[in-house]
There are 2 protein chains.
Amino acid sequence: MPVGKVTSLDVAKEAGVSQPTVSRVFTPGMKVSPDMERRVRAAAEKLGYRPNTLARSLITGQSKTIGLILAYLDNPFYTEALEKLSQTLRAKGYNIMIILAANHAGEVDSVVQDLLDHQVDGIIMASVSISSALSDRLKEEGVPMVLFNRGQDDPSVTSVTSANFDGGKKVAEFLVQGGHRKIAHISGWQGASTGRDRLAGFEAGLAAHGLKPHAVVDGLFSREASAAAARSLFATDAPPDAIFVGNDHMAFAVIEVLRHELGLDIPEEVSIVGYDDVTLAAWDSFQLTTVRQPANRMVEATVEHLLDRIAGTETQAERIEIDGPLIIRKSARIPKGWKE
Amino acid sequence: MPVGKVTSLDVAKEAGVSQPTVSRVFTPGMKVSPDMERRVRAAAEKLGYRPNTLARSLITGQSKTIGLILAYLDNPFYTEALEKLSQTLRAKGYNIMIILAANHAGEVDSVVQDLLDHQVDGIIMASVSISSALSDRLKEEGVPMVLFNRGQDDPSVTSVTSANFDGGKKVAEFLVQGGHRKIAHISGWQGASTGRDRLAGFEAGLAAHGLKPHAVVDGLFSREASAAAARSLFATDAPPDAIFVGNDHMAFAVIEVLRHELGLDIPEEVSIVGYDDVTLAAWDSFQLTTVRQPANRMVEATVEHLLDRIAGTETQAERIEIDGPLIIRKSARIPKGWKE
DNA sequence: ATCATACGTGAATACGTATTCAAGCGCTAT
DNA sequence: ATAGCGCTTGAATACGTATTCACGTATGAT
C-alpha cells in the first residue's frame, strides 16, 4: 500500500487486471464488464486511488481548465459575474485558473502566455482589451477566447456584452421625459468599448429630441476620477440638472460628492442614473436608478459559446449583446405617467 | 514547422542539439554553455516554443498551482484578499485555481478532492471550516493547507486570522468609554471561530467594567439576518444605545435599517461599530467606525507560511494572529479625550 | 607528456495516464 | 460443426518534459 501516490498501476495489480482496464473504469463512456468494474472499484477504494488529472490532460490534450482574466475587482459587478462563472463552469466539469491583471498590454500578454503554458482549454477575459497580435496568437494556438463585458472591433473575436448602446439611449429618453435639459455624462473609460457605446447611445437618445449632452467627462471607471468630475461639473455657473454615470460603481462616488460635499438633494436638485444594477444599487443608502446588466445571462452566454468552441460545435465568432431593462428607483426624477 | 504544438524535441532538432539540452536551457539553475544557450533560444524563438507546464509538473511533482477555496464573495473583504493573494502568489511564480464553494461539509470535501486531483501544491481556504477527516486526508496526501480568516481547534492545522478576541475587546472598551451601557451585539455566525472569538472578546471587554451584553443575536454573516436582528432589537421597550456588529458587511445592513426604516440618527441615538474596515466603511454614506483587519499582512503571512511548508522549510503548524487597530469614524460616539 | 578533475552533453528512462491494435472469448447463423 | 461477428481485455505505445548516468572533452597540475 503506497503512501503518498497511488497510481492506476497499483490499482491494477491489486485488482489483478491490467492498467488500461483501470483507466477504462475511470473514463466515462468506456465499456467494461460489470464484474471487472466491481473489482477495480473495490481495489481503488481500498488503496484510495484517484486519477491524476495532469497525466490525463497530457495525453488527452484537454485540461478541463478555463483561464479567467479579470481587470477590476473593486467593481462588484465582476464579483457577481465571478460567482456565476465559477458555478456554471464547475457544473460543466471545468475548473478555473484565475488571474487579476492590470489592463496594460504588456501585463495582459504575459498573463495569457501563462495560461497557455498551463494548457487551458479556453480563456475568458473580463473587462480587458487585447491587441490584435494577441488574438492572432490565440487563434494560431487553437485556444478559443471570449471577451466578457468588452467589445472588440475585430469581428473574429467573440464578445459578450449588454446592449450598451440601447442602454445609454434608454437613459437619455428617461431623463428627457423627466423634464431634464441639462444632462451631463460622466462616462466609462473611453478606452473601452463599453464606455464608448454607452456614451454613443446616450448621445443618440438625446439627439432624437434635438438635444446634446450638457457636458461629457471621462470617469475612467474610477471612483476618484468620477468624484473629481462631479466636483468640476458643479464648479461652473451652469451646473447640470441630471447626470448619467457610466457605471454604478462610479455613480456611488458621484452621489456621495453631491450629497455630502455639495449638500445637494437627489433627486430634487439633481437626478443620477447609473449602469449595471449591482447589489448595492438597491440598498436604501443609494436607491440608484440604473440599467440592469444581466450578469446571469451574460455568463451563461459566455460559457455556452466558449464550450461550444472547445467542443468544435461552434466555429464562428459572434458578437453577443444581451438586453437589460432600466430599473427605476429613487435617484432620478420619474417622468409623469412613465410606463414605457 | 509544426503548427499547433511545438515540443522541446522540435526545438532540439532545429538547433541540432539533444532534447535534454533544450530542457536545461528552460530550467532555471541548470548550466549550459553560452553558445548552446544561444542556439537553443534562437530555435525556440523561431518555432515559437514554450515549455508545457503539465508535462513539467508531471515529472517534477510540482504544479506551481495553489488551490483557493472561498465561501463568501459578497463580503468585499474577501475580494480585497483575493486581489492581494493573486498578486502575491503570482509574484512568487504560482498560479491560482479558484473555487467558490458553499460552506457545507459535503461541498467542501468534493471541492478539495477536485483540487487534489489537479495536483495543487497547496490549498488556501478562506472562511470555510473543515472536518478533521478532511484535514487528516490532506496531511496524508502531503498537501499543506492554510485557513484564512478562520480558526480551528485542531492545533495541527495552521490558520491566519486577525486578533479577533482583542478586537472585540477593543470595541467594548471604546463603547463603554463612550458612555454606553446598553450595548448589544449582532454577532458573526457562531458556527465560525471568527464570530465566536469576536463575541468572546466583546464580552470580556464588557466584563472588565462589570457589564454584560444588552443582547446578543446571531447575524449569520448575512445582510438579511442582520437586518432582521436590528429590527427585533428595537421592537422591544428597552432598545440598545449601541450595537457592535460582527463585520462591516452586516453593519451596513444594520445602519440602513436604523436610518431608513426606523428613522434613527447615527451616532446621536445609536452607535454602530463594525469589523473588517472594508473599503466601503470609509465612504461618506457610512463613515463606519470599525476594527481593521489588515488584509495585506494576513495575505502575506498566509502565503509565506504556505510556501515555506511546500518548500519544507517550515514543518510546524502555526496559529497566526495579526493585530489591527480600531479605526474611528463617525458611526459611533467618540469618548471625550479618547486617545488610547 | 600524463593523469586527475570538472564540466557540458546525449542516451536512456521515468512521470501516470489514454489510446491503438491484436488477440481471446462467447455467441449466432449456416 | 464451423465460419464469422461483436465484445472485452491486455500489450505496447504515446503525451512532453526532467533527471540519472555515463561518456567525452578541455583544463589544470605535476
Side-chain angles (χ1 to χ4, degrees), chain A residues 2-41 43-44 47-65 93 116-121 141-142, chain B residues 2-41 43-44 47-65 93 116-121 141-142:
Chain A
V3 11
K5 301 288 171 187
V6 31
T7 77
S8 60
L9 200 59
D10 297 324
V11 176
K13 282 180 187 159
E14 173 75 24
V17 300
S18 74
Q19 177 270 325
T21 300
V22 176
S23 171
R24 278 186 263 261
V25 168
F26 285 92
T27 306
M30 290 281 143
K31 293 305 288 180
V32 218
S33 66
D35 64 328
M36 277 287 161
E37 165 133 21
R38 207 165 10 81
R39 277 163 58 194
V40 169
R41 289 214 181 273
L47 299 182
Y49 169 76
R50 301 237 65 201
N52 182 326
T53 310
L54 259 48
R56 175 177 285 183
S57 298
L58 183 58
I59 194 163
T60 60
Q62 300 264 329
S63 67
K64 285 290 185 177
T65 300
L116 291 180
D117 292 352
H118 275 270
Q119 312 299 114
V120 296
D121 293 340
E141 204 90 10
Chain B
V3 9
K5 301 289 172 186
V6 32
T7 78
S8 61
L9 200 59
D10 297 324
V11 176
K13 283 179 186 159
E14 172 75 23
V17 301
S18 72
Q19 178 269 326
T21 300
V22 176
S23 171
R24 280 186 264 262
V25 169
F26 285 93
T27 307
M30 290 281 143
K31 294 305 288 181
V32 217
S33 66
D35 65 327
M36 277 287 163
E37 164 132 22
R38 208 165 9 82
R39 278 163 57 192
V40 169
R41 289 214 181 273
L47 300 182
Y49 168 76
R50 303 239 63 204
N52 183 326
T53 308
L54 259 48
R56 176 177 284 183
S57 299
L58 183 57
I59 195 163
T60 60
Q62 300 264 327
S63 67
K64 285 289 184 178
T65 300
L116 291 180
D117 293 351
H118 275 270
Q119 313 299 115
V120 294
D121 293 340
E141 203 89 8

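Each chain gets a letter, A, B and so on, in the order the sequences are listed, and its residues count up from 1.
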Check if the side chain of A:Gln19 and the base of C:dA18 share a donor-acceptor pair of N or O atoms closer than 3.5 Å. yes

Mind calculating the distance between CZ (B:Arg38) and P (C:dT9) to the nearest angstrom? 12 Å

Within-4.5 Å side-chain heavy-atom neighbours: B:His118 and B:Thr65: no

Let's see if you can work this out: which of C:dG16, D:dT8, D:dT17 has an atom nearest to the side-chain heavy atoms of B:Thr7? D:dT17

Give the intermediate values and the outcome of side-chain contact (heavy atoms from CB on, under 4.5 Å) for residues A:Val22 and A:Val25. CA-CA 5 Å; A:Val22 176; A:Val25 168; 5.7 Å; no

Output the residues of residues 22-31 of chain A in contact with DNA chain D, where contact means a heavy atom of the residue under 4.0 Å from an atom of the strand; sort by number or write none. A:Arg24, A:Lys31

Side-chain N or O of A:Ser8 closer than 4.0 Å to phosphate OP1/OP2 of C:dT17: yes

Between C1' on D:dT17 and CD on A:Gln119, what's the gap in Å once rounded to a whole number? 11 Å

Ignoring the backbone of B:Met36, work out which of D:dG16, C:dT9, C:dG16 is nearest its side chain. C:dT9

Can you tell me which nucleotide in D:dA18, C:dA18, D:dG16 comes closest to the side chain of B:Ile59? D:dA18

Measure CG/B:Asp10 against C1'/D:dA14 and give the value in whole Å, please. 15 Å

Starting from the 5' end of DNA chain D, give me the residue, A:Asp35 or B:Pro20, whose nearest nucleotide shows up first. A:Asp35

With respect to the phosphate group of D:dG10, does any side-chain polar atom (N or O) of A:Thr21 fall under 4.0 Å of OP1 or OP2? yes

Whole-Å distance separating the NZ atom of B:Lys64 from the P atom of D:dA18: 13 Å

Between P of D:dG16 and CG of B:Leu47, the distance in whole Å: 14 Å

Roughly how far apart are A:Thr53 OG1 and B:Leu54 CG, rounded to 0.5 Å? 9.5 Å

Options C:dG8, D:dG16, C:dT17, nucleotide nearest the side-chain atoms of B:Leu58: D:dG16

Are the side chains of A:Asp121 and A:Gln62 in contact, using a 4.5 Å heavy-atom criterion? yes

Specify the separation, in whole Å, of atom CG of A:Asn52 and atom P of C:dA18. 10 Å

Return yes if some donor-acceptor pair links the side-chain N/O of B:Ser63 with the main-chain N/O of B:Ser57 below 3.5 Å, else return no. no

Looking at C:dG16, D:dT17, C:dG8, which one has an atom nearest to any side-chain atom of B:Tyr49? D:dT17

A:Val11 vs A:Val40 side-chain heavy atoms within contact, under 4.5 Å: yes

Round to a whole Å and report the spacing from CG of B:Leu54 to C1' of D:dA14. 15 Å

Are B:Leu116 and A:Arg50 packed together at the side-chain level, in the sense that at least one heavy-atom pair is separated by less than 4.5 angstrom? no

Take the protein atom NE2 of A:His118 and the nucleotide atom C1' of D:dC15, then report the distance between them rounded to whole Å. 18 Å

Pair B:Val17-B:Arg39, side-chain contact (heavy atoms from CB on, under 4.5 Å): steps then yes or no: CA-CA 9 Å; B:Val17 301; B:Arg39 278 163 57 192; 3.6 Å; yes

Looking only at side-chain atoms of A:Thr60, point me to the closest of D:dC15, D:dT17, C:dT19. C:dT19

Can you check whether A:Ser18 has a side-chain N or O nearer than 4.0 Å to OP1 or OP2 of D:dG10? yes

